[in-house]
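In what follows, a single structure is set out as structure tokens and then discussed.
For ligands, and for the atoms within them, numbers begin at 1 and follow the listed sequence.
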Amino acid sequence: MTGNSKTLFGVSLVGSGSATPAQRITNDQLAARVDTNDEWVKTRTGIKERRIIGEGDSLSKLCVEAAKAAMEMAGWGIDTVDMIVVATSTPDDLFGIAPKIQSQLGARNAVAFDLTAACSGFLFALVTGAQYLQNGTFRRAIVIGADQLSSWMDWDDRSSCVLFGDGAGAVAIELTSNDQNALIGFKMKSDGSRGECLSVPQKKEFVNLVGSFKNQIGRFSNIQMNGQEVYKFAVREVPLLLKDVLGKHGITAESLDWLLLHQANQRILNAVADRFSIPESKVLSNLKNYGNTSAGTIPIMLDEAVRDGRIQPGDLIASSGFGAGLSWGVALFRWHGKT
Ligand code: UT7
């Protein structure tokens with residue numbers, strides 16, 4: 001699915017926020033549980049530590065904190081928010097957490113719903129939220145990306161447990177005129193035929209209901225991942241899609257200010273950047289502190305770079321989310337935040 005700038009209105013990214021759990025677990029600490037070591041995890045992934053939701057935290061709490069920070073940066077009154085989209089695959093409640101976040105924020109005028117697209121979730125949610133503004137339906141939206149994959153991990157599987165962490169990030173977007181449109185282009189893709197590479201499938205457990213009728217118990221497995229296949233998928237598909245979107249909009253890789261990829265593995269970030277000769281200094285990475293927070297990675301990284309002044313108003317950013325589904329997407333946007 002492709003998008004372009006031929007819309008009724010424009011969308012502007014005016015605020016960002018993020019929140020991560022207090023509990024921090026280093027590679028060395030994990031090595032006390034599984035047969036791994038700091039050197040292996042650092043060199044193969046770039047990760048040194050991750051944050052894990054503990055007893056005092058919850059995913060919705062982190063989402064509320066991130067959304068509040070984004071709204072503060074945007075300078076919005078809470079009653080002016082029209083929509084909240086929460087990208088997550090790990091809600092506190094299977095029916096969705098967006099309404100709970102809406103209520104905790106006090107955003108009584110906002111419609112709120114969840115969207116699931118795993119590690120591509122934030123990017124898909126940003127594009128989804130932007131559509132409502134660009135067609136004039138809503139004026140202001142908060143887009144949140146958040147996950148708590150630590151709850152779905154086999155903590156004795158060293159090939160996956162070292163990769164993931166928990167966290168939430170949010171972006172405040174608002175309607176603007178078409179000539180100010182900051183979402184320059186996007187493309188999103190899905191390929192369910194390769195979905196088994198990365199999944200959290202429902203368990204096939206049935207119990208007797210009445211007579212010979214049975215019903216399935218609502219339980220899920222831990223994360224099942226073929227790491228090498230996911231790696232190959234990412235380094236093949238992301239550059240293809242990025243090239244496509246850049247070409248469609250006549251934008252050269254040299255003119256990008258930042259490459260903001262889903263933070264899965266430093267080697268994936270480097271491989272994608274290398275294909276476009278994008279220097280390391282333009283590749284945003286905070287993997288070492290958080291690992292892969294799934295839908296959280298892109299907005300958490302964006303917020304960090306906005307707040308420390310690396311990303312400046314007007315900067316051109318190429319972002320890509322990729323992961324389970326399989327799903328992947330690219331968005332080109334300018335940061336118009338009031339920093
Ligand atoms: O949002 C998307 C989520 N998924 C991903 O991003 C995953 C993408 N894939 C990857 O990042 C990489 O494939 C991994 C980091 C998961 C694995 O790296 P790799 O370079 O592909 O390693 P490998 O699977 O080929 O394993 C190499 C060796 C194996 O040992 P042998 O068979 O060579 O003796 C593994 O058993 O490394 C071993 N190994 C470990 N050793 C120490 C695997 N995990 C660990 C570990 N510590 N944590």
Side-chain angles (χ1 to χ4, degrees), residues 25-50 87-90 116-125 145-167 169 188-192 194-201 221-239 241 260-273 284-288 290-301 319-330:
I25 301 183
T26 64
N27 294 339
D28 284 330
Q29 285 166 324
L30 265 188
R33 182 180 172 115
V34 284
D35 180 16
T36 190
N37 57 77
D38 182 51
E39 190 54 29
W40 191 96
V41 184
K42 254 185 351 204
T43 47
R44 298 283 179 130
T45 71
I47 299 164
K48 290 172 92 161
E49 57 185 41
R50 69 284 296 143
T88 186
S89 307
T90 53
T116 303
C119 299
S120 309
F122 174 77
L123 197 121
F124 282 23
D147 266 308
Q148 182 179 4
L149 284 180
S150 64
S151 297
W152 301 98
M153 204 59 57
D154 175 355
W155 285 101
D156 295 315
D157 172 15
R158 67 175 183 173
S159 66
S160 60
C161 76
V162 297
L163 301 177
F164 297 96
D166 304 331
M188 303 186 293
K189 300 200 69 156
S190 308
D191 180 3
R194 291 188 274 170
E196 76 288 347
C197 289
L198 185 52
S199 63
V200 183
S221 310
N222 290 320
I223 287 186
Q224 299 181 358
M225 183 181 76
N226 181 333
Q228 288 187 357
E229 283 305 312
V230 177
Y231 187 95
K232 282 190 271 181
F233 146 72
V235 299
R236 188 176 50 235
E237 302 291 0
V238 173
L241 200 60
L260 172 51
L261 302 182
H262 167 51
Q263 308 281 300
N265 185 322
Q266 189 61 44
R267 289 187 293 145
I268 296 176
L269 306 194
N270 297 345
V272 175
L284 293 169
S285 172
N286 62 5
L287 266 161
K288 66 176 191 312
Y290 303 110
N292 178 347
T293 56
S294 188
T297 65
I298 293 175
I300 292 172
M301 183 66 253
S319 185
S320 177
F322 51 87
L326 295 176
S327 60
W328 64 111
V330 163

Nearest-contact summary for [atom] - protein heavy atom, Å:
{"atom": "atom 18 (O) of ligand 1", "result": "Arg267 NH2, 3.4 Å"}
{"atom": "atom 5 (C) of ligand 1", "result": "Val230 CG1, 3.8 Å"}
{"atom": "atom 11 (O) of ligand 1", "result": "Asn265 ND2, 2.8 Å"}
{"atom": "atom 6 (O) of ligand 1", "result": "Ala264 CB, 3.3 Å"}
{"atom": "atom 21 (O) of ligand 1", "result": "Gln228 CG, 3.6 Å"}
{"atom": "atom 46 (C) of ligand 1", "result": "Thr36 OG1, 3.3 Å"}
{"atom": "atom 7 (C) of ligand 1", "result": "Met225 SD, 3.7 Å"}
{"atom": "atom 44 (N) of ligand 1", "result": "Trp40 CH2, 3.3 Å"}

Backbone N or O of [Y] within a donor-acceptor pair of the [X] side chain at under 3.5 Å?
{"X": "Ser327", "Y": "Ala324", "result": "yes"}
{"X": "Asn265", "Y": "Arg44", "result": "yes"}
{"X": "Asn37", "Y": "Ala31", "result": "no"}
{"X": "Arg50", "Y": "Leu163", "result": "no"}
{"X": "Thr297", "Y": "Asn292", "result": "no"}
{"X": "Arg158", "Y": "Val34", "result": "no"}

*Heavy atoms of the protein only: does one fall short of 4.0 Å from atom 31 (P) of ligand 1?*
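Under 4.0 Å from atom 31 (P) of ligand 1, zero protein heavy atoms found.
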
_Protein non-hydrogen atom found under 4.0 Å from atom 37 (O) of ligand 1_ =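 It does; a protein heavy atom is within 4.0 Å.
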
*Given Glu39, Gln266, Arg44, which one has a non-hydrogen atom that is nearest to atom 20 (O) of ligand 1?*
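Considering heavy atoms of Glu39, Gln266, Arg44, the nearest to atom 20 (O) of ligand 1 sits in Arg44.
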
_Heavy atom to atom 2 (C) of ligand 1, shortest distance: which of Leu149, Asn292, Leu326 holds it?_
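The option holding the nearest heavy atom is Asn292.
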
*Donor on one side chain, acceptor on other, Thr88 and Asp147, under 3.5 Å*: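 There is such a pair between these side chains.
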
What I want to know is whether [X] and ligand 1 share at least one N or O pair that is separated by under 3.5 angstrom.
{"X": "Gly227", "value": "yes"}
{"X": "Thr45", "value": "no"}
{"X": "Arg158", "value": "yes"}

*asked:* Within ligand 1, which atoms have a heavy atom of Cys119 less than 4.0 Å away?
replied: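 The atoms of ligand 1 under 4.0 Å from a heavy atom of Cys119 are 1 (O).
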
*Give the atoms of ligand 1, by number and element, whose distance to some non-hydrogen atom of Val162 is under 4.0 Å.*
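The list of qualifying atoms is 48 (N).
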
*Could you list the residues that satisfy salt bridge (Lys or Arg N to Asp or Glu O under 4.0 Å) with Arg194, not counting sequence neighbours?*
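Listed in chain order: Asp191, Glu237.
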
*For Lys48, salt bridge (Lys or Arg N to Asp or Glu O under 4.0 Å) partners two or more places apart*: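 Once residues adjacent in sequence are excluded, Lys48 has no partner under the salt bridge (Lys or Arg N to Asp or Glu O under 4.0 Å) criterion.
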
*asked:* Quick check: closest heavy atoms across Ser150 and Asp166, and the distance to 0.1 Å?
replied: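 Scanning both residues completely, I find the closest heavy atoms to be OG-OD2, 2.7 Å.
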
*Do other residues, nucleotides or ligands put more than 12 heavy atoms under 6.0 Å from Lys42 NZ?*
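Yes, because the 6.0 Å sphere around NZ of Lys42 holds more than 12 heavy atoms from other groups.
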
